[in-house]
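Here is the structure we will look at.
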There are 2 protein chains.
Amino acid sequence: MVEASTSTQTVFQKMLLNVQSGIWETGAKIPSERSLIDQFGVSRIAIREALSMLRGLGVLEINHGQRTRVKTVDAVTLGHLLPLMLSSGGQQTFDQVFEVRLAIESQTASQAARRRTSEQLERLKELLASFRDAMRNDGNTNAQAIDLEFHLEIARATANPLFPVLLEALAGFVSFAQKASCQNDSERSQRAVLAHESIFEAIRDADADRARVEMESHLRYSMTRKIRPDEPLFDDSDPSAH
Amino acid sequence: MVEASTSTQTVFQKMLLNVQSGIWETGAKIPSERSLIDQFGVSRIAIREALSMLRGLGVLEINHGQRTRVKTVDAVTLGHLLPLMLSSGGQQTFDQVFEVRLAIESQTASQAARRRTSEQLERLKELLASFRDAMRNDGNTNAQAIDLEFHLEIARATANPLFPVLLEALAGFVSFAQKASCQNDSERSQRAVLAHESIFEAIRDADADRARVEMESHLRYSMTRKIRPDEPLFDDSDPSAH
DNA sequence: AGCAAGTGTCTGGTCATACCAGACTAGCGA
DNA sequence: TCGCTAGTCTGGTATGACCAGACACTTGCT
């Protein structure tokens with residue numbers, strides 16, 4: 001790296017390196033601002049601005065009164081970046097997000113079928129039941145959340161942490177698209193439940209190919225919903241929420 | 001959102017909203033810090049810290065002497081987050097990244113076969129030739145970059161901007177894995193060239209399924225490389241570079 | 001002795017002010 | 001007319017003071 005025009009940048013990079021190299025362990029508290037002043041030999045301003053950058057990146061968790069700690073960079077931050085990337089890249093459609101989701105979830109279904117543990121399978125079974133109930137009863141007030149959880153659990157069952165992270169990041173986009181897709185539409189609701197069942201069964205039977213096909217089919221059907229194009233692409237954001 | 005314990009947070013969120021809602025257009029200059037002081041009614045510290053957070057997020061480009069501008073959030077920032085996420089997310093392996101890449105690129109190959117324009121096809125042809133040359137001549141000094149460009153062009157040919165963005169984000173991570181995979185290994189080099197040719201042909205023939213299969217095959221083979229586990233997971237980082 | 005309130009001192013949050021330094025621009029002088 | 005220069009925009013850094021949340025230790029009451 002070497003070059004670092006401003007001292008804030010320098011400090012920022014050094015701090016980032018501290019995190020990456022594990023000197024500042026994730027979850028652990030980092031020195032207080034007053035200590036960092038000595039440690040880096042710059043003013044508190046520079047320290048705080050560098051810390052702010054890291055906070056913006058989602059690396060640090062800063063709370064008044066408590067020592068600043070290294071946060072596990074989770075999907076939330078990633079989820080904040082995606083909307084920004086999209087909003088700056090011109091008008092995006094839900095179809096585009098769905099395409100990515102299709103790519104991801106075809107893989108997760110397939111991998112989940114191979115790697116899922118019995119505990120995960122049990123959890124999927126429960127979620128499936130909950131989903132069925134939610135669909136029948138409260139007309140999808142919870143169904144949406146359960147649906148997402150079902151898909152996320154499949155992603156987790158891949159044993160690859162990247163999948164649930166990515167999926168969650170995409171979720172903010174597709175959430176109300178899903179909602180619109182089955183709301184007040186018993187046929188779609190039915191199909192959604194059936195699709196989930198098929199996916200579940202394929203994963204249960206460790207049939208990777210079938211799981212992929214079922215997932216793909218499910219998503220392709222979901223993709224056919226009608227959305228008014230004037231709806232906003234994003235909702236509230238707070239990458240630094242604590 | 002509503003809640004915003006600190007004034008820095010408040011300002012940050014308002015600014016973020018300004019970006020998202022397009023009040024602050026991407027590429028345009030935002031008001032000077034002194035103006036923002038009046039506009040938000042807080043001290044310069046709060047303003048600058050909020051700006052720092054946005055800079056950390058990769059939303060703003062701040063340069064000494066020039067007005068701060070809204071940057072197009074590119075894959076670079078995302079590329080910085082992935083290592084952080086992985087390094088804090090426990091056992092991170094290249095295989096995991098490759099799995100995601102496999103998911104993404106299976107889809108891009110398939111979509112590219114359907115949607116590629118003749119210009120894009122031409123460009124792919126050129127890249128293919130360059131790749132072949134690079135492999136034969138300079139022993140992959142450039143081959144790596146060309147390889148990436150080839151894959152990116154395929155991603156672009158999907159007409160879905162999300163794909164190239166995601167792929168680029170993943171690329172920084174897998175790049176030297178790729179390098180290691182064909183370095184000083186004529187057999188692997190040969191196979192890489194052949195694989196690219198097969199993918200190209202499938203896309204040329206608009207054969208989506210074949211494109212997918214060829215891509216999958218290509219990546220799965222690449223995935224079998226041997227990496228020494230003691231290599232660093234990341235290199236220099238500077239999300240706020242200008 | 002045990003519990004509760006109180007207080008000191010950590011931590012981060014905010015501010016005003018002054019000054020430094022890069023970048024642009026208008027205006028002066030050759 | 002051209003080129004240099006100085007003014008004044010912009011962000012960058014520093015100091016020092018003070019506010020406010022969190023926590024631990026001490027004190028004092030029951």
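Letters A, B, ... are given to chains in the order of the sequence lines, protein chains preceding strands, and every chain is numbered from 1. Side-chain atoms are counted along with the backbone in the values below, which use heavy atoms only and exclude waters and symmetry mates.
Across the protein-nucleic acid pair, B:R69 atom CZ and C:dA23 atom P stand 13 Å apart, rounded to whole Å. With rounding to whole Å, B:K29 atom NZ is found 11 Å from C:dA23 atom C1'. Atoms CD1 (B:I47) and C1' (C:dC15) sit 13 Å apart, rounded to a whole Å. Atom-to-atom, NE2 of A:H64 to C1' of C:dC15 comes out at 14 Å; the value is rounded to the nearest Å. Look at CG on B:L51: it is 14 Å from P on C:dT14, rounded to the nearest Å. The nearest whole Å value for the distance from the CZ atom in A:R44 to the P atom in C:dA18 is 21 Å. We find that CZ of A:R67 is positioned 7 Å from P of C:dG12, with the value rounded to whole Å. Taking atom CD1 of residue B:I45 and atom P of nucleotide C:dG12, one finds them 16 Å apart after rounding to whole Å.
Residues satisfying the side-chain contact (heavy atoms from CB on, under 4.5 Å) criterion with B:R34, sequence neighbours excluded, are B:S32, B:R44. For B:R69, the side-chain contact (heavy atoms from CB on, under 4.5 Å) partners two or more places apart in sequence, or in a different chain, are B:K29, B:E61. Listed by chain and residue number, B:A112, B:R116, B:Q120 satisfy the side-chain contact (heavy atoms from CB on, under 4.5 Å) test with B:A157 (two or more places apart in sequence, or in another chain). Residues passing the side-chain contact (heavy atoms from CB on, under 4.5 Å) test with A:A46 are A:S7, A:T8, A:V42, A:S43, sequence neighbours excluded. With sequence neighbours excluded, the residues satisfying salt bridge (Lys or Arg N to Asp or Glu O under 4.0 Å) with A:E99 are B:R115. Listed by chain and number, the residues in a side-chain hydrogen bond (donor to acceptor under 3.5 Å, both in side chains) with A:E105 are A:R101, A:H151 (sequence neighbours excluded). Every ring pair (Phe, Tyr, Trp, His ring centres under 6.0 Å) that B:F150 has, sequence neighbours left out, goes to B:H196.
For residues 152-167 of chain A, the salt bridge (charged side-chain N to carboxylate O under 4.0 Å, His left out) pairs, not counting sequence neighbours, are A:R123-A:E153, A:E149-A:R156, A:E153-A:R156.
A side chain to side chain contact (heavy atoms under 4.5 Å, CB included) with A:L167 is found for one member of A:L152, A:L162, A:T108, A:V100 and no other, namely A:L152.
Two end axes, each from the C1' atoms of five base pairs, can be drawn for the helix from C:dA1-D:dT30 to C:dA30-D:dT1; they diverge by 10°, to 10 degrees.
Taking CD1 of A:I62 as the reference point, atom CZ of A:R67 lies at 13.0 Å (rounded to 0.5 Å).
Read 5' to 3', the first and last nucleotides of DNA chain D with an atom closer than 4.0 Å to a heavy atom of chain A are D:dG12 to D:dA22.
Mapping B:T8 and B:R34 onto DNA chain C by nearest heavy atom places B:T8 closer to the 5' end of the strand. Positionally, the nearest nucleotide of DNA chain D for B:P31 lies more toward the 5' end than for the other of A:Q66 and B:P31. Each of B:S32 and A:E49 was matched to the nucleotide of DNA chain D holding its nearest heavy atom; the match closer to the 5' end belongs to B:S32.
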Between the protein and nucleotides 6-9 of chain C, list the N/O to N/O atom pairs that are separated by less than 3.5 angstrom.
none

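Atom CD of A:Q39 has more than 12 neighbouring heavy atoms from other residues, nucleotides or ligands inside a 6.0 Å radius.
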